[in-house]
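Okay, structure first, notes after.
In this text, all values refer to a predicted model and were calculated from it rather than measured experimentally. Naming: A, B, ... by sequence-line order, numbering from 1 per chain.
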4 protein chains.
Amino acid sequence: MSELFPMVPKIAFEGPLSDRDLAFKHYDPSAKAIGPVGGADGNATMKDALRFSMAFWHSMTGAGIDPFGSATMQRPWDGIADPMEVARVRMRALFELTEKLSIPFFCFHDRDIAPEGATLRESDRNLDTMVAFTKDLMKSSPTKLLWGTANLFSNPRYMHGAATSPEPKVFAYAAGQVKKALEVTKELGGQNYVFWGGREGYETLLNTDMKRELDNLARFLHLAVDYAKEIGFTGQFLIEPKPMEPTKHQYDSDAAACYAFLAEYGLLAHFKLNIETNHATLAGNTIQHELRFAREHGIMGSVDANQGDELLGWDTDQFPTNLYVCTLMMYEVLKNGGLHSGGLNFDAKVRRGSFKPEDLAIAHIAGMDSMARGCAAAARMLADGALERPLAARYAHWQSGIGATIASGKEDFRSLEAFALDITDFGLASGRQECLEAVVNRYL
Amino acid sequence: MSELFPMVPKIAFEGPLSDRDLAFKHYDPSAKAIGPVGGADGNATMKDALRFSMAFWHSMTGAGIDPFGSATMQRPWDGIADPMEVARVRMRALFELTEKLSIPFFCFHDRDIAPEGATLRESDRNLDTMVAFTKDLMKSSPTKLLWGTANLFSNPRYMHGAATSPEPKVFAYAAGQVKKALEVTKELGGQNYVFWGGREGYETLLNTDMKRELDNLARFLHLAVDYAKEIGFTGQFLIEPKPMEPTKHQYDSDAAACYAFLAEYGLLAHFKLNIETNHATLAGNTIQHELRFAREHGIMGSVDANQGDELLGWDTDQFPTNLYVCTLMMYEVLKNGGLHSGGLNFDAKVRRGSFKPEDLAIAHIAGMDSMARGCAAAARMLADGALERPLAARYAHWQSGIGATIASGKEDFRSLEAFALDITDFGLASGRQECLEAVVNRYL
Amino acid sequence: MSELFPMVPKIAFEGPLSDRDLAFKHYDPSAKAIGPVGGADGNATMKDALRFSMAFWHSMTGAGIDPFGSATMQRPWDGIADPMEVARVRMRALFELTEKLSIPFFCFHDRDIAPEGATLRESDRNLDTMVAFTKDLMKSSPTKLLWGTANLFSNPRYMHGAATSPEPKVFAYAAGQVKKALEVTKELGGQNYVFWGGREGYETLLNTDMKRELDNLARFLHLAVDYAKEIGFTGQFLIEPKPMEPTKHQYDSDAAACYAFLAEYGLLAHFKLNIETNHATLAGNTIQHELRFAREHGIMGSVDANQGDELLGWDTDQFPTNLYVCTLMMYEVLKNGGLHSGGLNFDAKVRRGSFKPEDLAIAHIAGMDSMARGCAAAARMLADGALERPLAARYAHWQSGIGATIASGKEDFRSLEAFALDITDFGLASGRQECLEAVVNRYL
Amino acid sequence: MSELFPMVPKIAFEGPLSDRDLAFKHYDPSAKAIGPVGGADGNATMKDALRFSMAFWHSMTGAGIDPFGSATMQRPWDGIADPMEVARVRMRALFELTEKLSIPFFCFHDRDIAPEGATLRESDRNLDTMVAFTKDLMKSSPTKLLWGTANLFSNPRYMHGAATSPEPKVFAYAAGQVKKALEVTKELGGQNYVFWGGREGYETLLNTDMKRELDNLARFLHLAVDYAKEIGFTGQFLIEPKPMEPTKHQYDSDAAACYAFLAEYGLLAHFKLNIETNHATLAGNTIQHELRFAREHGIMGSVDANQGDELLGWDTDQFPTNLYVCTLMMYEVLKNGGLHSGGLNFDAKVRRGSFKPEDLAIAHIAGMDSMARGCAAAARMLADGALERPLAARYAHWQSGIGATIASGKEDFRSLEAFALDITDFGLASGRQECLEAVVNRYL
């Protein structure tokens with residue numbers, strides 16, 4: 001088969017001094033990974049440890065369209081008329097680029113990889129064709145499927161929601177679509193299955209029965225869990241929080257809202273989160289906050305590694321090049337003992353003006369180098385206890401005395417009042433924020 | 001006792017055509033309340049139904065200070081040197097103004113009503129003195145206590161948190177302080193007790209053990225529940241969500257985050273929410289969203305009736321004069337069957353430039369008239385089914401056919417797929433948002 | 001010719017008690033307009049005074065696409081394959097709906113009304129055909145052209161800017177396109193010509209020569225002014241501020257930035273502003289602020305009457321139904337002595353879920369009624385001096401004494417210091433914000 | 001005189017490998033500065049080139065107060081009752097710390113350094129005393145005055161504005177206060193004089209005569225210019241943009257708004273800008289944008305080097321530790337040929353929880369090291385042409401052909417149309433944003 005991106009060679013690691021665009025400066029796929037991300041034995045390679053993933057939608061179907069402009073991207077499938085042939089070329093391109101970039105995983109929505117038909121039956125047929133094609137390509141490729149998902153937001157039938165549509169036929173259709181997507185994800189060896197509820201929310205409360213919609217959303221997810229069990233799909237289910245866009249409000253607005261929902265409806269045992277930087281910031285949270293919340297609540301599942309522009313109010317889905325974002329993201333991942341079945345999926349799109357085919361490779365390289373550099377910085381911080389030691393010191397008083405008796409549940413309001421009545425000096429320590437920020441800078 | 005606000009007469013209802021600043025145009029305390037807020041028998045007065053409350057802190061201790069400027073307010077206690085005498089004059093002023101304004105309730109923090117001493121013991125003593133003074137005033141006044149709370153944020157000891165402080169002594173002190181505040185709230189007949197966690201959050205995750213802090217916060221609240229039971233305080237416990245300010249991030253960031261926390265720590269049976277408009281918007285939510293969420297999750301407790309400026313990023317705590325805010329707020333309250341033990345507390349401050357004593361009355365009148373007008377609009381919408389009828393129509397398909405079988409749990413992914421495979425027409429209806437917005441306008 | 005929107009009758013005024021969706025409650029086209037908007041003689045009708053305009057792009061070409069979803073709208077041209085025939089049907093629909101809705105004006109971009117060709121020459125040919133078709137329709141229609149403009153943002157050639165593109169060929173093409181658009185606007189009797197610089201800005205300063213780009217933008221506008229003079233186009237030139245979206249930063253970010261640019265490049269004599277509510281709020285300004293700034297700087301040109309959602313960070317372009325927005329907008333318009341050659345253009349789109357043809361009429365009715373109601377409220381406020389009298393009182397001290405001598409330029413720092421050295425009482429008055437907010441409520 | 005900060009030694013440069021909090025890692029005061037910031041001869045030291053300045057208000061009078069909490073800071077003047085003695089100790093502390101930290105400049109407001117009296121006369125007297133005291137200290141200190149300013153925002157008299165107050169007496173008082181502040185700044189050798197209009201704006205347009213207020217503001221600045229000429233003060237006048245906080249809207253909202261104002265009122269010859277990172281982001285702009293705008297419009301005056309939290313909506317005034325902020329800030333400064341009479345003033349406050357005296361030094365060290373590191377990165381980028389070469393390539397087509405004839409004013413709309421009519425290929429290049437972001441990372 002002919003090369004689709006001939007201008008992109010197999011990308012080599014050349015080290016931090018290289019100034020070539022098409023070379024890795026920090027990501028060395030076969031080098032030993034630093035720190036706890038390397039697994040229990042610590043022998044994993046960077047490629048195995050970082051678990052990078054290419055997003056089919058942005059990189060293969062993304063055309064550079066924005067609300068005010070049409071497609072800009074130059075791609076190998078330009079000019080091909082047959083949608084199934086476009087789909088095949090795109091899938092070949094995905095495998096070509098992931099291999100050239102040493103990206104071990106990819107992710108997709110059902111409708112990314114096969115054109116939608118006039119009915120679900122017809123769409124399923126297209127999907128089956130492409131899944132067979134994909135499976136064939138996977139035989140001779142190292143690239144694996146990180147997660148699959150169903151697109152329950154683009155088609156007009158989902159304008160008022162999918163599982164939360166006021167129209168039961170839409171609920172039924174979405175169920176059929178997810179059933180198929182689960183089967184396909186299993187077929188391709190997907191390690192997770194993701195729900196992003198882009199239309200599961202509302203435009204205005206004036207026309208919305210929120211309670212009923214949440215009930216239906218939970219019902220839908222329970223049915224998915226049931227069906228996965230039935231077919232023996234053992235991948236991890238993930239929910240992806242986002243507060244708004246496209247709708248005015250999405251129910252899965254941030255990690256805490258997802259936890260509330262999962263707890264209320266008895267779904268905590270079955271779901272973890274797929275957390276994205278730009279979704280976090282749209283909700284007013286840092287990525288570190290969302291990952292920390294997920295980690296400490298046992299629901300860190302996977303990461304959509306991108307970044308947004310905090311001065312803009314929409315999802316810009318930029319490649320992660322900010323080293324603070326990358327370092328603090330990886331800090332939480334490392335504290336989580338790595339990503340387990342999750343990965344670092346580049347849910348990121350090249351800028352509309354970066355329309356050349358090579359920009360696609362350059363952008364991934366920029367993101368991978370930044371994440372690798374962030375990972376190394378986080379691992380060194382952890383190895384040095386750069387943040388851990390001051391943290392332990394800060395909370396040390398909980399290990400003895402009144403701290404220990406409170407922590408062990410031996411105190412009540414009466415005993416605590418008696419203890420506190422005459423205290424005048426609380427012996428507080430400085431929070432030392434500026435100092436810790438300088439510490440982080442030392443590791444960049 | 002001499003009048004403290006002689007420029008403020010007893011405020012009379014003069015009807016919507018009045019243009020006098022010091023008159024009610026819509027709030028007629030003794031008129032029959034419209035709609036379900038009037039209670040089961042529907043005979044409640046507007047005063048009884050709306051349950052307005054004055055906030056001691058803004059109206060009695062608020063001085064017009066902002067981060068860039070010092071006090072502006074002209075108040076009857078200006079020039080009095082003795083803090084206890086200031087406290088007494090303020091308390092008298094509270095009762096004078098609530099009576100003149102036909103506001104049936106007030107709310108306070110412990111430190112609002114009595115000066116802080118050098119120790120908790122000394123603060124308690126001051127508080128006891130002022131509680132006795134207050135109780136005495138209450139004997140001859142119709143004004144009752146809606147809720148009490150403890151100020152766990154102003155004193156430097158709380159700089160790193162109260163229940164979430166890294167220093168156990170601070171936890172102990174806060175426990176002692178809340179113990180006393182609970183006793184005092186009970187003593188004064190308070191119908192609720194509020195926790196607002198202004199310092200229960202973090203400035204930077206670099207120095208924060210979030211898990212431990214959340215555990216401690218939950219432990220603290222359980223101890224409060226235990227102590228309330230011990231002393232027979234039967235008022236409702238409330239948590240007040242706010243996402244940020246003063247800290248970078250507060251744990252109780254919005255209604256969903258509070259639900260997540262309460263669910264995780266087994267506190268749902270004991271707590272409802274005290275929801276504030278400006279806190280909602282700082283979290284990116286409308287007040288209607290927060291109230292809807294709380295209502296449908298059974299945790300609507302009370303309302304801090306104010307409004308913010310959505311183009312500004314801090315809590316402006318303005319009096320609620322926006323009729324959309326007031327109407328949609330009351331719509332949710334009415335759907336909740338009224339406020340029960342909660343109320344509409346004006347957690348609002350006169351602008352720094354509205355420094356005259358009469359501005360305090362004028363601002364409350366503006367807020368009360370707006371809320372009364374919003375309540376009437378909401379009640380008429382409900383009586384007409386203006387929003388309810390289209391809502392029922394929108395979800396009607398869930399009453400029969402596939403909708404009904406899904407809702408009753410009889411369908412699974414297989415049956416739904418079979419149902420959906422060949423659908424081409426989903427029969428979707430318009431969301432009609434613009435139409436419904438015009439409907440709301442008809443009721444303003 | 002057959003009716004294209006048979007479900008939309010000629011909309012009649014039925015008064016505020018009507019609850020029919022397809023009826024005017026406040027906009028009575030033939031009634032006498034209230035207040036200064038009625039022109040010098042005060043005899044204008046509401047239709048003449050309010051100068052409503054339909055936006056061709058949103059109402060005729062808008063399909064309900066958003067960044068996550070495809071077209072939803074049901075329109076009479078669905079299923080027509082020939083782009084020129086689609087264009088003709090859309091233009092007929094525009095005239096049908098504006099007449100049925102008593103909307104006296106429309107606005108368009110060149111590419112809205114005729115399909116783009118492979119070259120500028122071919123695009124011009126399509127445009128000529130459609131202009132002739134339009135002119136013919138105008139002969140038998142009351143609907144006139146408020147303004148024309150060129151779409152310099154959708155085509156990929158404009159990805160890096162039009163007048164500000166790094167590529168001079170693009171500048172040249174844009175010049176040719178605007179030349180034609182000016183000719184066409186003149187041909188159709190357009191009363192204004194608008195520049196909205198959707199791509200005149202940058203994605204990142206790392207690749208941007210801002211100074212050169214601003215120079216080129218100014219050069220481009222001067223060339224447009226020259227050419228208008230040459231062909232005798234006497235309509236008003238307008239610039240439309242917007243801070244961001246689609247680009248990270250647009251140079252014409254708000255009214256003040258536009259003024260700075262126009263002043264710097266000697267363009268103030270030739271340009272006024274076309275101000276839009278949602279663009280204002282994206283820039284952190286209220287619509288009233290932007291209109292006030294423009295009015296007091298003599299550059300209020302025209303209004304894009306819509307509204308945004310201040311909790312969302314993108315341009316939602318909703319129909320204006322918020323009565324505060326409408327009233328304060330019209331207050332500034334009335335203070336400006338009306339709109340002159342400008343109008344109230346509904347740069348607003350029906351929500352994606354309001355996909356039925358009748359929603360298009362209902363949304364316009366909602367907007368027109370709200371604007372008419374806002375206009376009436378503003379006119380009554382002005383007639384009563386409801387805001388003007390307190391304003392005059394607030395600044396009264398500038399009419400005499402030290403105020404008058406300062407204002408007449410007779411004081412300097414020495415004389416003012418001497419005057420001020422021993423003042424202790426400044427006699428400040430309250431700002432009375434809450435009172436004035438209640439005043440506005442009285443007029444809603 | 002005894003040491004006031006004995007826990008802070010003279011801070012030494014120890015190089016990037018040092019992990020001591022109280023040591024410089026990147027700022028080496030006596031080392032040769034890199035790049036154009038070093039002045040024409042390129043021999044300046046880093047200390048001379050970076051022109052760091054300590055802000056008297058944050059570092060000497062800042063107490064850790066926030067809107068919800070009282071003072072936390074531990075300072076050498078705690079417990080001193082006499083305000084003049086407090087002022088003297090603070091001034092001594094300023095000189096002690098600037099010397100220990102090798103900070104060559106300081107900045108102050110009049111009311112920072114001397115307590116306000118009951119009248120302007122009395123305040124002037126206090127100020128005179130402190131100026132004499134300061135002048136005396138300066139004789140034996142290397143620390144110089146970068147700029148002075150008058151506090152026209154804290155006192156209640158300024159609640160409605162200073163130069164823009166509705167009350168002429170306030171205008172007069174402000175004039176007298178600025179007159180004195182100009183004299184004092186001259187007396188102490190200040191190199192600039194700053195106006196920050198914290199109250200020059202409005203809370204609501206309902207009570208505001210914006211035109212009159214802007215006229216008065218301009219009049220005030222002209223009087224200041226006149227008086228400076230009269231007394232021979234030759235320092236640079238600076239205006240400091242900020243969009244909001246404390247008021248709802250400040251007139252000097254961003255660099256473009258300031259330019260519009262200065263242009264309109266004939267003040268461009270006399271004023272440059274004092275630009276602050278956190279003020280930029282509150283206005284929705286990056287610091288690089290504001291500096292770029294100022295640089296390219298010839299009004300870059302000085303820099304308030306801090307950073308904000310873009311997820312928070314108020315001015316957090318944090319020390320600049322983000323290396324992207326620091327690098328891109330310095331990039332613009334270097335392109336400006338350095339700061340000239342301006343400087344890098346740390347308008348930054350230690351976090352409320354960083355209350356120990358040593359935190360004040362640590363925070364400055366963190367900021368200075370970050371700025372020095374950013375300066376070095378920017379200088380190396382410039383030396384390598386890392387951004388300049390791709391920029392030149394991007395705009396190269398303006399040097400010849402149609403680009404050159406457009407640029408030289410030889411083309412008009414007719415000639416450009418003729419040129420463009422048949423173009424099909426525009427030969428656009430990629431914007432390469434991701435690539436350039438990776439380039440910047442190479443220099444961090």
Side-chain angles (χ1 to χ4, degrees), chain B residues 57 62-74 109 111 116 151-161 165-166 196-199 202-204 206-208 242-250 281-282 284 308-318 321 349 351-355, chain D residues 57 62-74 109 111 116 151-161 165-166 196-199 202-204 206-208 242-250 281-282 284 308-318 321 349 351-355:
Chain B
W57 53 102
I65 293 167
D66 73 18
F68 297 87
S70 54
T72 61
M73 297 296 154
Q74 293 179 352
H109 303 80
R111 298 298 173 254
E116 179 145 22
N151 178 327
L152 304 179
F153 48 89
S154 294
N155 191 286
R157 86 176 63 85
Y158 295 127
M159 66 169 84
H160 303 313
S165 177
W196 172 60
R199 303 279 173 199
Y202 57 79
E203 290 300 328
T204 174
L206 299 182
N207 72 7
T208 302
K242 188 180 183 189
M244 60 187 69
E245 199 207 25
T247 71
K248 152 74 180 164
H249 176 85
Q250 275 128 239
T281 54
L282 283 173
D309 183 318
E310 292 177 8
L311 297 175
L312 299 181
W314 64 93
D315 199 9
T316 61
D317 276 346
Q318 295 174 242
T321 61
K349 59 185 173 193
R351 300 301 83 199
R352 188 170 180 261
S354 301
F355 64 95
Chain D
W57 53 102
I65 294 167
D66 73 18
F68 297 86
S70 54
T72 60
M73 298 296 153
Q74 292 179 352
H109 303 78
R111 299 298 174 253
E116 180 147 20
N151 179 327
L152 304 179
F153 46 90
S154 294
N155 190 286
R157 85 176 65 84
Y158 295 127
M159 67 169 81
H160 303 313
S165 176
W196 172 60
R199 303 280 174 198
Y202 59 78
E203 289 301 330
T204 173
L206 299 181
N207 72 7
T208 302
K242 189 180 183 190
M244 60 187 68
E245 199 207 25
T247 71
K248 152 74 179 162
H249 176 85
Q250 276 129 238
T281 53
L282 284 172
D309 183 318
E310 292 177 7
L311 297 175
L312 299 181
W314 65 92
D315 199 8
T316 60
D317 277 345
Q318 296 175 242
T321 61
K349 59 184 174 195
R351 301 300 82 199
R352 189 170 180 261
S354 301
F355 64 94

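Chain B forms more heavy-atom pairs under 4.5 Å with one residue of D:Trp314, D:Phe355, D:Tyr158 than with any other, namely D:Trp314. Among D:Glu245, D:His160, D:Arg351, the residue making the largest number of heavy-atom pairs under 4.5 Å with chain B is D:Glu245.
Proximity to chain D involves both the backbone and the side chain of B:Pro246, based on heavy atoms less than 4.5 angstrom apart. Within the 4.5 angstrom heavy-atom criterion, no atom of D:Ile65 approaches chain B. Using a 4.5 Å cut-off between heavy atoms, B:Asn155 touches chain D through its backbone atoms (N, CA, C, O) alone. Heavy-atom distances place no part of B:Leu282 under 4.5 Å from chain D, backbone and side chain included. Contacts of B:Arg199 with chain D are made by side-chain atoms alone, with heavy-atom separations under 4.5 Å and no backbone atom involved. Neither the backbone nor the side chain of B:Ser354 comes within contact range of chain D; no heavy atoms are under 4.5 Å apart.
Side-chain atoms of B:Thr72 come within 3.5 Å of backbone N or O of B:Arg352 as a donor-acceptor pair. With B:Ser154 contributing its side chain and D:Ser70 its backbone, the two residues share no donor-acceptor pair below 3.5 Å.
Within the 4.5 Å cutoff, no side-chain heavy atoms of D:Tyr202 are placed close to those of D:Thr204. In this structure the side chain of B:Leu312 reaches within 4.5 angstrom of the side chain of D:Lys248, judged on heavy atoms.
Between B:His109 and B:Trp57, the ring planes are perpendicular. Angles over 60° get that label, and only those under 30° would be called parallel. Using cut-offs of 30° and 60° on the angle between ring planes, the pair B:Trp196 and D:Phe68 is tilted.
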